[in-house]
Protein chains: 2
Amino acid sequence: MSDEPLEIASRPPRERADAARNRERILTAAAELFARSGVEALTVDAVAQAAGVGKGTVFRRFGDKAGLAAALLDERERDLQRSVLSGPPPLGPGAPPRDRATAFLDAYLDYLAGHLELVRLSETASPGARYRIGAYRFWHRHLTILCADTPDPAHLAHLLLASVDAALVTALREEGYDWPRLRAGVRHLATALVS
Amino acid sequence: MSDEPLEIASRPPRERADAARNRERILTAAAELFARSGVEALTVDAVAQAAGVGKGTVFRRFGDKAGLAAALLDERERDLQRSVLSGPPPLGPGAPPRDRATAFLDAYLDYLAGHLELVRLSETASPGARYRIGAYRFWHRHLTILCADTPDPAHLAHLLLASVDAALVTALREEGYDWPRLRAGVRHLATALVS
DNA sequence: ACGTTAACCGGACCATAGTCCGGTTGTCCA
DNA sequence: TGGACAACCGGACTATGGTCCGGTTAACGT
């Protein structure tokens with residue numbers, strides 16, 4: 001559970017056929033289970049059973065429950081990463097930092113809006129998971145660069161990401177905040193701080 | 001676990017003597033256990049056993065593990081609340097909002113520095129616990145008032161508190177951030193946003 | 001003093017995340 | 001094609017937070 005989400009890496013230990021097949025099965029079963037019965041039905045036992053696989057296999061493949069959720073999100077997340085790296089401005093390169101930062105946070109909130117429960121699961125299933133996940137590192141690096149002209153870019157990047165923490169957003173949603181309100185507040189934050 | 005930390009309320013259901021005694025025992029045992037063996041030794045079973053009490057009793061008294069941790073912190077937390085309500089400025093009343101906000105966040109970081117593990121436990125032991133705890137509500141109300149001149153005071157108050165989230169601070173500490181650096185970053189945030 | 005009652009007690013029980021290891025099997029090389 | 005070995009498999013096992021309920025007892029009125 002650290003840093004090897006590279007796809008078909010042909011280098012050192014090629015993945016065995018049964019392993020690959022089981023990973024696929026688990027992912028499929030988990031996705032269906034989630035789609036059908038929501039996040040609370042997504043227990044590791046249930047996923048393993050639905051995939052026709054032992055529970056140990058799930059943990060070996062995905063490390064922990066958070067890792068499983070992260071794997072489920074992987075594809076959507078990559079879309080956003082691609083847009084950030086090489087999409088059109090202001091999300092992609094070419095716009096001033098402040099615009100890119102607000103565009104990113106906007107886009108991230110859209111992403112959250114579509115997958116809040118899963119993201120939350122992937123960030124809270126194990127303590128401190130959020131800050132270890134590869135995706136978080138990516139967003140952090142991105143924002144750190146955009147904050148280059150501030151006193152402590154890396155720290156500020158963390159603080160900006162804190163404003164879209166899935167647990168926080170969940171709590172605010174439950175308190176009645178709608179998405180436009182969340183977007184406006186976060187945008188205000190970024191505008192005041194970046195560049 | 002909602003809003004009855006008023007002390008000797010003599011009104012409706014006076015607490016039975018055995019209940020009060022057991023609460024005390026549990027708190028004492030938990031504090032000692034934590035002091036001696038750290039937070040990872042603070043399992044509910046261990047606390048119950050050390051207190052000479054059944055596990056059910058612990059949960060009845062404190063709701064869940066987060067509640068137990070919160071109770072352990074209660075006193076220290078009240079100190080800070082008192083200072084905010086009626087201490088000398090800039091923490092207490094009488095200073096301009098921006099100064100009060102930065103003073104509060106500074107003081108809160110001091111509090112965190114002394115009790116990071118317990119605070120984290122009280123905020124992460126159950127999902128969303130942080131935003132339900134009475135103390136969080138108190139800080140939030142305080143900051144909301146200080147943010148009165150901003151577009152969305154309540155939201156901004158949440159975002160400021162997110163910058164001192166125990167889980168975030170833990171992660172940053174593990175990444176090597178020292179306390180002065182954290183203080184400076186948070187102060188920068190508040191300065192840019194309040195008033 | 002004593003009976004009534006509601007609150008309390010505790011430990012057996014449940015759900016679920018995560019670990020472990022003996023047996024199995026895919027992969028590679030000769 | 002066959003053998004050796006590393007990787008993988010799965011389910012029994014552990015740890016721990018949280019629930020439940022039959023028995024107990026403190027508090028209060030008479």
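Every heavy atom of this structure was used, including side-chain atoms; hydrogens, water molecules and symmetry mates were not. In what follows, every chain begins at residue 1, and chains take the letters A, B, ... in the order their sequences are listed.
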> Test for a donor-acceptor pair under 3.5 Å between the base of dG18(D) and the side chain of Lys65(B), counting only N and O atoms.
no
> How long is the line joining CZ of Phe59(B) and P of dG18(D), in whole Å?
5 Å
> Measure the distance from CG on Leu33(A) to P on dT16(C) and round it to the nearest whole Å.
12 Å
> Can you see if the side chain of Asn22(B) gets near the phosphate of dC9(C) - specifically, an N or O under 4.0 Å from OP1 or OP2?
yes
> Have a look at Thr57(B) and say if it touches a base, only the backbone sugar-phosphate, or nothing, with a 4.0 Å heavy-atom cut-off.
base
> Which whole-number value in Å describes the distance from Phe62(A) CZ to dA17(C) C1'?
16 Å
> Measure from CG on Asp45(A) to P on dG18(C) and round the result to the nearest Å.
11 Å
> Go through Arg76(A) and Asp79(A) one step at a time and tell me if the salt bridge (Lys or Arg N to Asp or Glu O under 4.0 Å) criterion holds.
CA-CA 5 Å; Arg76(A) 316 274 184 143; Asp79(A) 286 348; over 6 Å; no
> If each of Ala17(B) and Ser126(B) is mapped to the nucleotide of DNA chain D with the nearest heavy atom, which maps nearer the 5' terminus, i.e. the 5' end?
Ser126(B)
> Please lay out, stage by stage, how Tyr136(A) and His158(A) fare under the test ring pair (Phe, Tyr, Trp, His ring centres under 6.0 Å).
CA-CA 9 Å; Tyr136(A) 183 88; His158(A) 280 301; 5.7 Å; yes
> Between dA17(C), dG17(D), dG10(D), which one does the side chain of Val53(A) approach most closely?
dG10(D)
> Take the protein atom CD1 of Ile26(A) and the nucleotide atom P of dG10(D), then report the distance between them rounded to whole Å.
8 Å
> Under 6.0 Å between ring centres: does that hold for His142(B) and Tyr108(B)?
no
> For the hydrophobic clusters of this structure (ILVMFWY residues joined by side-chain heavy atoms under 4.5 Å, transitively), does one cluster hold both Leu105(A) and Trp179(A)?
yes
> Do Arg16(B) and dA7(C) share a donor-acceptor pair, side chain to base, under 3.5 Å?
yes
> If I take atom NZ in residue Lys55(B) and atom P in nucleotide dT16(D), what distance separates them, rounded to the nearest angstrom?
10 Å
> Glu15(A) has an atom CD; how far is it from atom C1' of dC9(D), in whole Å?
14 Å
> Specify the separation, in whole Å, of atom CG of Asp18(A) and atom P of dT27(C).
7 Å
> Do Arg173(A) and Tyr177(A) meet the cation-pi criteria used here (NZ or CZ under 6.0 Å from the six-membered ring centre, within 45° of the axis)?
no
> So does Arg60(B) reach the base of dG10(C) with its side chain, donor to acceptor, closer than 3.5 Å?
yes
